[in-house]
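What follows is one structure encoded as structure tokens, with my remarks underneath.
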Amino acid sequence: MLDAIFFEKRGIPASVIITEPFVPTAVGIAELVGMPGYPHAVIPHPVGSLSTAEARQRADAAVTAVEVLLLRAEAG
């Protein structure tokens, strides 16, 4: 989260993908560094125990959300 925010502050589009339990942490970090409401994509938890095929399915499901996050700067 912090890396993406630092990139964004430098004008470099970035996207954060987190699992559900980390949403409160992501929100808190964004607020602490002066970017409240910084958007992120959320995927189901856990990911560490997924097979390659399962991880690929999760990634495929997140593609649209990540694309929207990366392209939002162009729309603004």
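Atoms considered below: every heavy atom in the structure, side chains included; atoms not considered: hydrogens, waters and symmetry mates.
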Linked, directly or transitively: Met1 and Leu70 (ILVMFWY side chains, under 4.5 Å): no
Salt bridge or not for Glu67 and Arg72, using N-O below 4.0 Å? no
Non-hydrogen atoms of Tyr38 and Ala14 that approach each other most closely: OH-O, 3.5 Å
Can you list every side-chain hydrogen bond (donor to acceptor under 3.5 Å, both in side chains) pair that touches residues 11-33, not counting sequence neighbours? Thr19-His45
What residues form a side-chain contact (heavy atoms from CB on, under 4.5 Å) with Ala41, not counting sequence neighbours? Ile17, Ala65, Val66, Leu69
Is there a donor-acceptor pair closer than 3.5 Å between any side-chain N or O of Arg58 and the backbone N or O of Ile43? no
Sequence neighbours left out, what passes side-chain contact (heavy atoms from CB on, under 4.5 Å) with Val33? Give chain and number order. Leu2, Ile5, Lys9
Hydrophobic side-chain clustering at under 4.5 Å (ILVMFWY, transitive links): who's grouped with Leu32? Put none if nobody. none
According to side-chain contact (heavy atoms from CB on, under 4.5 Å), who are the partners of Thr64, at least two apart in sequence or on a separate chain? none
Determine whether more than 12 heavy atoms belonging to other residues, nucleotides or ligands lie under 6.0 Å from atom CZ of Arg56. no
Nearest heavy-atom neighbours spanning Pro36 and Gly34: CD-C, 3.3 Å
By side-chain contact (heavy atoms from CB on, under 4.5 Å), which residues pair with Val23, not counting sequence neighbours? Ile18, Val27, His40, Val42
